[in-house]
Amino acid sequence: MSKALFCPSCRNIVLATGEDFPFCSDRCRRIDLGKWASGDYKISSPIQDPDLLEELARSQKHNRQNDDDVN
């Protein structure tokens with residue numbers, strides 16, 4: 001038995017066996033892609049890796065020093 005879900009774009013019911021699953025149509029699939037491409041959707045989570053945090057801090061410090069040198 002197929003499970004019915006909702007299209008993330010238009011909220012119409014979609015069957016898990018549908019050709020465009022999880023969307024109800026190619027149009028809704030393209031609308032969703034456009035939202036990702038334009039930045040409407042974001043995946044945001046805190047950085048957990050200590051090495052990445054240290055690298056980011058160094059980069060920000062370097063950028064601030066360059067800004068001060070220009071001004």
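In what follows, every heavy atom counts, from backbone to side chain, and hydrogens, waters and symmetry copies are set aside. Bear in mind the structure is a predicted one, so any value in this text is a computation, not a measurement.
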Please tabulate, for side-chain N and O atoms in residues 8-15, each donor-acceptor pair with protein atoms closer than 3.5 Å (sequence neighbours left out).
unit_1 : atom_1 : unit_2 : atom_2 : d
S9     : OG     : C28    : O      : 3.0

As a test of understanding, state which of E55, Q60, E54 forms a side chain to side chain donor-acceptor pair (under 3.5 Å) with R58. E54
How about R29 and D32: do any of their side-chain heavy atoms sit closer than 4.5 Å? no
Side chain to side chain, F23 and I31, heavy atoms closer than 4.5 Å: no
So how far is it from R30 CZ to D20 CG, rounded to the nearest 0.5 Å? 10.0 Å
Grab the two heavy atoms, one from S38 and one from K35, that are nearest each other, plus how far apart they are. OG-O, 3.3 Å
